[in-house]
Amino acid sequence: MAPDQIVFWVFAPVSVGSAVAMLFQRNAIHAALFLIVNFFTLAVFYLVLGAPFLFAVQIIVYAGAIMVLFLFVIMLLGVDREESLVERLRGQRPLAIVLGLGLAAEIFVTARASLGLARGPANFDETVNVGGNAQALSHVLFRDYFLPFEVTSILLIVAAIAAMVLAQRRERTTVEAAGEAEV
Amino acid sequence: MLRSVWLVPALPLAGAAINLFAGKRLGRWAGILASGLMVVAFALALGVLAYLLRLPGNERLVVRHLGDWISVGSFRVAADLRVDPLSVTMMLVVTGVGAVIHVYSIGYMDGDPRYGRFFSYMNLFCFFMLTLVLAQNFLLLYLGWEGVGLCSYLLIGFWFERPLAASAAKKAFVVTRIGDTFMLVGIALVFLRLGSLDFSAVLRPSIESVQPSGVFTVIALLLFAGAVGKSAQVPLHTWLPDAMEGPTPVSALIHAATMVTAGVYLVARTHVFFEISGVALTVVLVIGLVTAVYAATCALGQDDLKRVLAYSTISQLGYMFFALGLKAYAAALFLLVTHAFYKALLFLSAGSVMHGLGGETDLKRMGALRRAMPFTAAMFGVGALAIAGVPPLSGYFAKDQILEVANRSGYLIAWLVALAGAFLSALYISRLMFLAFFGQDRTERAAHESPPVMTVPLALLAVGAVFGGVLGLSVTSGRLQGFLAPVLGELTEGAGGLPTAVLSVISVLAALAGIAVGWLVYGSGKVDWVALRVRFAGVHEFLAHGWYVDDVYSTSLVAPGKAGAAFLASAVDQRVIDGCVNGVGQLFQWAASRGRRLQTGLVRNYGLAFLVGVVLIFVYVGVRLS
Amino acid sequence: MKTPISYFVVLSAVLFAIGSVGVLVRKNALVIFMSVELQLNAVNLALVAFSRLHGNLNGQVLAFFSMVVAAAEVVVGLAIIVNVYRRMHTANVDDASLLRW
Amino acid sequence: MLEAAPEMDWLDWILLVARVVVVFFAVLISVMLLIWMERKVAADMQTRMGPMRAGPRGVLITLADGIKLFFKEGITPTLADRPVYLLAPVIAMIPAFLAFAVIPFGTGVTLFGRHVPFQIADLNVGILWVLAMGSLMVYGIVLAGWSSGSNYPLLGSIRSTAQMISYEVGMGLALVAVLMYSGSLQMSQIVASQDRVWNAIPQFPAFAIYLIAGLAETNRPPFDLPEAETELVAGYFTEYSGIKFAMFYLGEYVNLVVVSSIAVTLFLGGWRGPHPSFVAWLWPLLWFIAKVVAVVYLYIWVRLTLPRIRYDRLMSFGWKFLIPIGLLWVLATGAVVVLPDVYGKGALLTGALIVVGAILVASLLWPLIAPRRQSAGETPQ
């Protein structure tokens, strides 16, 4: 068994298991922790697939920033109480599970039929990741995808401003809150 | 000269615009401006005629391109003016008689509160009429056609305060519209079947080979239906007598001299179609003849001065169509021209009488007016003699030629009927003459002669009525006939028939007989015509109501139509249509009241629907791929 | 590398399906949001796998963009959830069902 | 990397494992010495003796403390979220150790006919790995604070999260400037690029930003708000005791070593230094250790000199000074890197770079030096 196969068969069950565990955790923080585990396994898969840059970005962005933000918000809002297990929507759970399984089955069948056991070029690191993954990726990114890159940077600025505007407590609301407190 | 031919219609249009927007400020100058423009237009028309006369006979066709009007794909309509003998003749009639009537109107309409607007409408009418006759294609002709219809409506209803005038305007508009609709279909058919609306492309004898003759029959009949409506022929004639509610100059200009002759012009212009068809020509002949005699009998029963003249006009127009049906187009045009003179003269004289009597039109309240208004009486007499067909006045030549052609055509019965019509014409016009200007004075107020601004035009028209015959002394070799020949073709002499001299004598005798009978009954004093009328009350009523055609229409068409409309309005519209609309609304309300339950506001429901969609799309894609 | 690409794709599909189910059955807005992130990551995995399959870096670039956009999306989404929580004092999406009939 | 795996034989694996073990223990020992050093330096600056009993001049004091903590009773609060509570100290420790994986301590040595580098893994994306591990350090604090089921730890951990996320941005910008200047993400390459002049000189603003951000990342005074005793008792590890507390303590000092090592690697030329030619593998190692000790000494010095900063000032300093200046510096570095390619005036621009750097540092320090005119209007929270 090649190392990458070992990695796959070790981490794939962890990945699926952590995802399923996230699904069943009643506590939001625990769910977030399992999701972090899942993200780590994905990072490992990126490494296996010849994308060390994305491996690092995955950890920095998802594990390091996004999930911290999630934890931060959960703790800030104090919504870490146990979630009620009563489902008020009739048929929601069975339908959701059936549909989820159906989707997975469909993709399974499609991948089996169309991809088979294809593995891609054998010497990926030599032919594609020329001069290292980061360098090769930057060549693609700053040549072929330069305009999307710039647009995305604008999107980030917009998102930052949007977050600031949304998170800001307006003066009016503070006054209202004060009024409510007095009453 | 031909470069400025566009000015002929443009000048009245400018006058119409000026008078419409500034008529009130211009005051009396409105009439002078309108009349002056018409005089200038007439002068220009004379110039065009002079130019045309200098050209060789077979080259007398000039098309003046003003620009493109409509250009959609292969459908192209140009704003072209056609100058040929026929259009020039019509143009001269319109501008000449029009100018005279405009001048007359200065006096007649004096003091009217809408003085400026009257001249605006009149000018606008002249513009549309000139567009009609100068058009080089069917669509432009149709524009003019509808335009004169609009002006006719506006002018008949000029005194819209009177309910009768308003309803008469409405009636004229609606009835002529029946014919117009057929005509529009005919024009569409021309484009569909013949591929063009341009006269030069369509109106040539070789067009015969393009389509079977049945198509031409249909086209000709549809166009003729328009002519029937516009020219007040049976069965669409009922609007014209009622149209006399308009001001008298309007009756003279529109409902005697110009607009009603548009039908004659149309048939003459498109005679190619009629000749190819043959059947259509017979229809024209029959309709014309029936109208001529029928309207003459009706004229006998009228007590209203202007209604007599209206029926007389219908009758005369019937003669014109009769002539057209006999392929004697030039003769029809000759009658058209002379009729324009003497019928305008008669109407204006009648207007003068009305002016003198304060608007009175009832013949029973007239009589012996020759003493109070001798000049008017003399002018009216000239017109009456002309229409009766007494030589050497213009009417004699025109009518005599038509009878001559009829006699030679082989339709002996038609000739006899037409002769009877001629007799009746002389009879009703002499009845009118004697009742109004001779016998006892039955007026209720003192009559007076009209001012010179009205009488001078009368004199001018009288000159035309008397000497108009010079234009076409002979049916084959007259000047007008020769002038029109390049457009309308030479008249083919029919074989047989009576000699020309004999025919002339017969028609003169018929006219004199009519006058004699008229004198005997109404002028001599030997017959008590009032008692006669009481005795034959039924006949009189029958004639007075125009054979009850109107009443038949009312009961057979209008009343069922109204009932149907009422049914549609109360039952169909309120129950079915409104019901459908309300039902649709209620259906959607019901559906929305059920369907809005879908909008639960629960994100997870929406998400579920989302996922269902994703799964189904995958199924679809999978099926497509496999 | 010996692992067939389709293994990664199927794994990605399984993760995506789990994420979908999570979105549908969980009620806490934050957990739903996390499930959405799981879906996004599953797709990223598929993109990187396809990048490997086709022997070019376009898939990785796309996954990179996806991450960047996801970061922006999370920031705004969390801000919205915080605002909703401030107003309604709940993070349960079933309680925030004002936009209904 | 895994592509290369089949070429490794058993000896390579053994050497790799050996390197990991050696580094792990070296770090543990260095932490032990570091704590002793800090206490001695502090004592020296306060003109007192410091620990003297355990071992010669008290050098074993940390060991004694560790043994004591190991035998203390481990208390788990009732309201604590037990699994997370137990997991948090471990999580706090691991990233710090992992960050060492990419740091080159020296040139390497030849053993059994193979070249053995003094570095566990020369990752292609080394700097990003450092950043990633730095961003993971926050988890231990966050989870510890939350899982304790108590208010002070929670507040401490929220503060800490905000502080670390904020300063991570500044630190990232400093690293970006360095990697742009060096033209590589690989640690060994960055060290190699400093063969003429240390990055600390042309990249002085980045160095300054990194040092300040490092203070915040390690939660050391004057940026030790998450565990400010006077406000939050002991901050996020208030409820921790015994071996679990020891792990936090350990993690914190490992962190300090990591930050210092990275500073040395990125800015101070790493293991580079003049050395004699005999025992060639040893001198770079010594140079490295010496530089790390120097940086650590700087941190201890700062800790003992500066008072704790108010929390809102801390945040506004991070967001309003450090990050903008970092951004500007990245821009300037970009210009310096790219412009010579276009104009070929490298030397001139390097000079300009030093000038601009000096100006920026001056502006960075200006708010600290200049008298506070607006302070009257501000009210401490």
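Since this is a predicted model, take the numbers as computed values, not measurements. Every chain is numbered from 1, with letters handed out A, B, ... down the list of sequences.
At a threshold of 4.5 Å between non-hydrogen side-chain atoms, the residues C/Pro4 and A/Leu115 do not count as touching. Taking the side chain as every heavy atom from C-beta outward, C/Gln60 and A/Asn133 approach each other to under 4.5 Å. Between C/Asn44 and A/Tyr46, some side-chain heavy-atom pair lies under the 4.5 Å cut-off. Counting only heavy atoms from C-beta outward, the side chains of A/Leu69 and C/Leu78 approach each other to under 4.5 Å. In this structure, the side chains of C/Met34 and A/Phe70 come closer than 4.5 Å at one or more pairs of heavy atoms. You'll find the side chain of C/Leu15 reaches within 4.5 Å of the side chain of A/Leu42, heavy atoms only.
C/Leu24 and A/Gln92 get closest at one heavy-atom pair: O-NE2, 3.0 Å. Between A/Ala163 and C/Val75, the closest heavy-atom pair is CB-CG1, 3.0 Å. Counting all heavy atoms, side chain and backbone alike, A/Gly100 lies closest to C/Ala17 at O-CB, 3.3 Å. Minimum heavy-atom separation, C/Leu53 to A/Ala118: CD1-CB, 3.7 Å.
Taking chain C as the reference chain and counting heavy-atom pairs below 4.5 Å, the highest number among A/Leu141, A/Leu101, A/Leu95, A/Leu103 is found for A/Leu141. Looking only at heavy-atom pairs under 4.5 Å with chain C, the residue among A/Ala111, A/Ser153, A/Pro121 that has the most is A/Pro121. Between chain A and the residues C/Val14, C/Ile81, C/Asn58, the largest count of heavy-atom pairs under 4.5 Å involves C/Asn58. Annotation: maximal heavy-atom pairing with chain A below 4.5 Å, among C/Val48, C/Val23, C/Val10, C/Val76, occurs at C/Val48. Top candidate by heavy-atom pairs under 4.5 Å with chain A, chosen from C/Asn56, C/Ile18, C/Val69, is C/Ile18. For the set A/Ser114, A/Ala31, A/Gly50, the entry with the most heavy-atom pairs within less than 4.5 Å of chain C is A/Gly50. Heavy-atom pairs under 4.5 Å with chain C peak, among A/Leu35, A/Leu99, A/Val20, A/Thr110, at A/Leu35.
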**OP:** Carefully, step by step, assess A/Tyr145 and C/Phe64 under the rule side-chain contact (heavy atoms from CB on, under 4.5 Å).
**Re:** CA-CA 11 Å; A/Tyr145 292 90; C/Phe64 175 71; over 6 Å; no
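Of the atoms belonging to A/Ala105, not a single heavy atom falls under 4.5 Å from chain C. Heavy atoms of C/Ser12 lying under 4.5 Å from chain A are absent altogether. Both the backbone and the side chain of C/Leu45 come within less than 4.5 Å of a heavy atom of chain A. With a 4.5 Å cut-off on non-hydrogen atoms, C/Leu11 touches chain A through its side chain but not through its backbone. Heavy atoms of C/Ala29 lying under 4.5 Å from chain A are absent altogether. Both the backbone and the side chain of A/Phe149 come within less than 4.5 Å of a heavy atom of chain C. For A/Met67, the part sitting under 4.5 Å from any heavy atom of chain C is the side chain, from C-beta outward, and nothing else. Contacts of A/Ala136 with chain C are made by both backbone and side-chain atoms, with heavy-atom separations under 4.5 Å.
Within residues 54-62 of chain A, the residues having any heavy atom under 4.5 Å from a heavy atom of chain C are, by residue number, A/Leu54, A/Val57, A/Gln58, A/Val61, A/Tyr62.
Judged by distance alone, with hydrogens and angles left aside, the side-chain atoms of A/Asp4 form a donor-acceptor pair with the main-chain N or O of C/Thr3 at under 3.5 Å.
To the nearest 0.5 Å, the span separating CG on C/Leu38 from OG on A/Ser15 amounts to 8.0 Å. For the atom pair A/Leu23 CG and C/Arg26 CZ, the distance stands at 7.0 Å (nearest 0.5 Å). Atoms CG and CD1, on C/Asn28 and A/Ile74 in that order, are 7.0 Å from each other to the nearest 0.5 Å.
Taking the six-membered ring for Trp and thresholds of 30 and 60 degrees, C/Phe8 and A/Phe45 have ring planes more than 60 degrees apart, a perpendicular arrangement. Ring pair C/Tyr7/A/Phe8 is tilted by interplanar angle, where 30° to 60° counts as tilted.
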